[in-house]
Amino acid sequence: MSTDASRAPRPTPRAEVRALSSLPASPWRNGGGTTRQLAVAAPHAGPGFSWRLSQAELIGDAEFSPFPGVGRVFTLLSAGPVRLAVDGESRTVPRGEPQRFSGETEVSVSLRAGTPEKALNLMLARGLARGDVQVIRGSGRLVLPADHLVAVVVIDGALVLRDGRTVNALEAILPSPRAHSGTPSHGGPAPGGGLHDGLIQELDSARAGGAGSVTVAAVQVFPGGAEAIG
């Protein structure tokens, strides 16, 4: 008996692509910007999460809200640069250069002539999670981290996935909950579990689109330990 290949079930994608602008936005407590949450893992105790990944929209000069007991990694996604004041120390921050500081630190941001900017914000509760953001640039095939990868965000250019999908700037590649039953969508994939393994497989052989180059932010989260690697 012959089979109709067109009716054969297609494999469930191991990753989904989301435009950051499509995620729900919520205002900062101080009104200095908005936040779009990509993923979060909730603990039994702590600041309300063990780790959280979001995109911040900076709409004007503002102070960052304090987060005691939390380590932060701030990575500018838009053209920039912006100026951060970290405990009184001024830093000029270009696109794609991660900045690390604690949630207790007094931090404020100044924008160029008030031009709105976008940043990736990784928060890690001390003792519950540790992690980092690696910015990777290249043409052709990209070599991405193989351990505890929870998200990849395209900063510039385009990335072509193993299955042929194209991911453009300011789009995120996240684990697909549909590929792993019982796991809520973006509701806290456990680092070390099946979700990150599926994401790694989907990103195997990922390459820059066309003849150009691509810049991505690869986000890793490990359970326990200090707030940042390196």
Side-chain angles (χ1 to χ4, degrees), residues 17-40 51-67 70-124 131-139 142 150-159 166-174 186 208-219 227-228:
V17 176
R18 298 287 301 273
L20 299 182
S21 61
S22 73
L23 301 171
S26 57
W28 293 2
R29 284 177 289 180
N30 62 15
T34 59
T35 294
R36 299 177 187 271
Q37 183 171 282
L38 281 77
V40 63
W51 63 272
R52 188 175 80 184
L53 181 66
S54 62
Q55 182 228 286
E57 297 188 358
L58 312 171
I59 58 178
D61 296 354
E63 295 182 356
F64 288 3
S65 300
F67 280 88
V70 172
R72 302 180 64 166
V73 185
F74 171 98
T75 308
L76 189 65
L77 299 176
S78 52
V82 301
R83 187 173 297 276
L84 292 184
V86 182
D87 267 348
E89 175 193 351
S90 180
R91 304 179 185 177
T92 298
V93 180
R95 178 167 61 172
E97 188 174 289
Q99 304 292 308
R100 299 165 182 85
F101 44 86
S102 71
E104 294 88 352
T105 302
E106 292 186 4
V107 180
S108 62
V109 62
S110 298
L111 309 183
R112 297 175 302 125
T115 303
E117 302 281 0
K118 300 178 187 296
L120 191 66
N121 195 21
L122 176 63
M123 294 190 179
L124 303 136
D132 205 3
V133 176
Q134 294 188 44
V135 173
I136 300 168
R137 301 173 176 87
S139 56
L142 287 192
V150 298
V152 173
V153 177
V154 176
I155 299 175
D156 188 41
L159 185 69
T166 297
V167 188
N168 295 305
L170 298 182
E171 293 183 339
I173 308 155
L174 300 166
H186 313 308
S213 62
V214 64
T215 303
V216 304
V219 183
E227 67 269 18

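Counting heavy atoms of neighbouring residues, nucleotides and ligands inside a 6.0 Å radius, atom CD of Glu106 does not exceed 12 of them. More than 12 heavy atoms of other residues, nucleotides or ligands shown are found within 6.0 angstrom of CD on Glu104.
Considering Val214, Thr215, Asn168 as possible partners of Val154, the one that fulfils the side chain to side chain contact (heavy atoms under 4.5 Å, CB included) test is Val214.
Here Leu23 contributes atom CG and Gln37 contributes atom CD; the two are 9.0 Å apart, rounded to the nearest 0.5 Å. Distance check: Glu57 CD to Thr35 OG1 gives 8.5 Å after rounding to the nearest 0.5 Å. If you take CG on Asp132 and CG on Leu124, they are separated by 8.5 Å, rounding to the nearest 0.5 Å. Taking CG of Leu77 as the reference point, atom CG of Leu120 lies at 5.5 Å (rounded to 0.5 Å). Put simply, CD on Glu171 and CZ on Arg18 are 11.0 Å apart, with the number rounded to the nearest 0.5 Å. Note that the CZ atom of Phe74 and the CG atom of Leu122 stand 13.0 Å from one another [nearest 0.5 Å].
Among all heavy-atom pairs drawn from Arg100 and Val133, the shortest one is NH2-O, 3.6 Å. Residues Ser139 and Ala208 share a closest heavy-atom pair of CA-CB, 3.9 Å. The two residues Ile155 and Gly96 come nearest to each other via the heavy atoms CD1-CA, 4.2 Å. Listed here is the closest heavy atom pair of Pro94 and Pro81: CA-CB, 4.1 Å. Closest approach of Leu111 and Leu58 over heavy atoms only: CD1-O, 3.6 Å. For the residue pair Arg137 and Arg95, the shortest heavy atom distance occurs at NH2-O, 3.9 Å.
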Could you check Leu20 against Leu38 for side chain to side chain contact (heavy atoms under 4.5 Å, CB included), going step by step and ending with a plain yes or no?
CA-CA 8 Å; Leu20 299 182; Leu38 281 77; 3.9 Å; yes

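For the pair Val135/Glu97, no side-chain contact is recorded, criterion being any heavy-atom separation below 4.5 Å from C-beta on. Between Leu170 and Lys118, the closest side-chain pair of non-hydrogen atoms falls below 4.5 Å. Contact check for Ile173 versus Val216: no side-chain heavy atoms found under the 4.5 Å cut-off. For the pair Val107/Gln99, no side-chain contact is recorded, criterion being any heavy-atom separation below 4.5 Å from C-beta on. Annotation: side chain of Phe101 is not in contact with side chain of Glu89 (no heavy-atom distance under 4.5 Å). Considering only heavy atoms from C-beta on, Val167 stays 4.5 Å or farther from Val152 through its side chain.
Although no hydrogens or angles enter the test, the distance criterion places no donor-acceptor pair under 3.5 Å between the side chain of Arg83 and the main chain of Ser90. Without hydrogens or angle criteria, Asp156 side chain to Ala169 main chain gives no donor-acceptor distance under 3.5 Å.
Ring pair Phe64/Trp28 is perpendicular by interplanar angle, where above 60° counts as perpendicular and below 30° as parallel.
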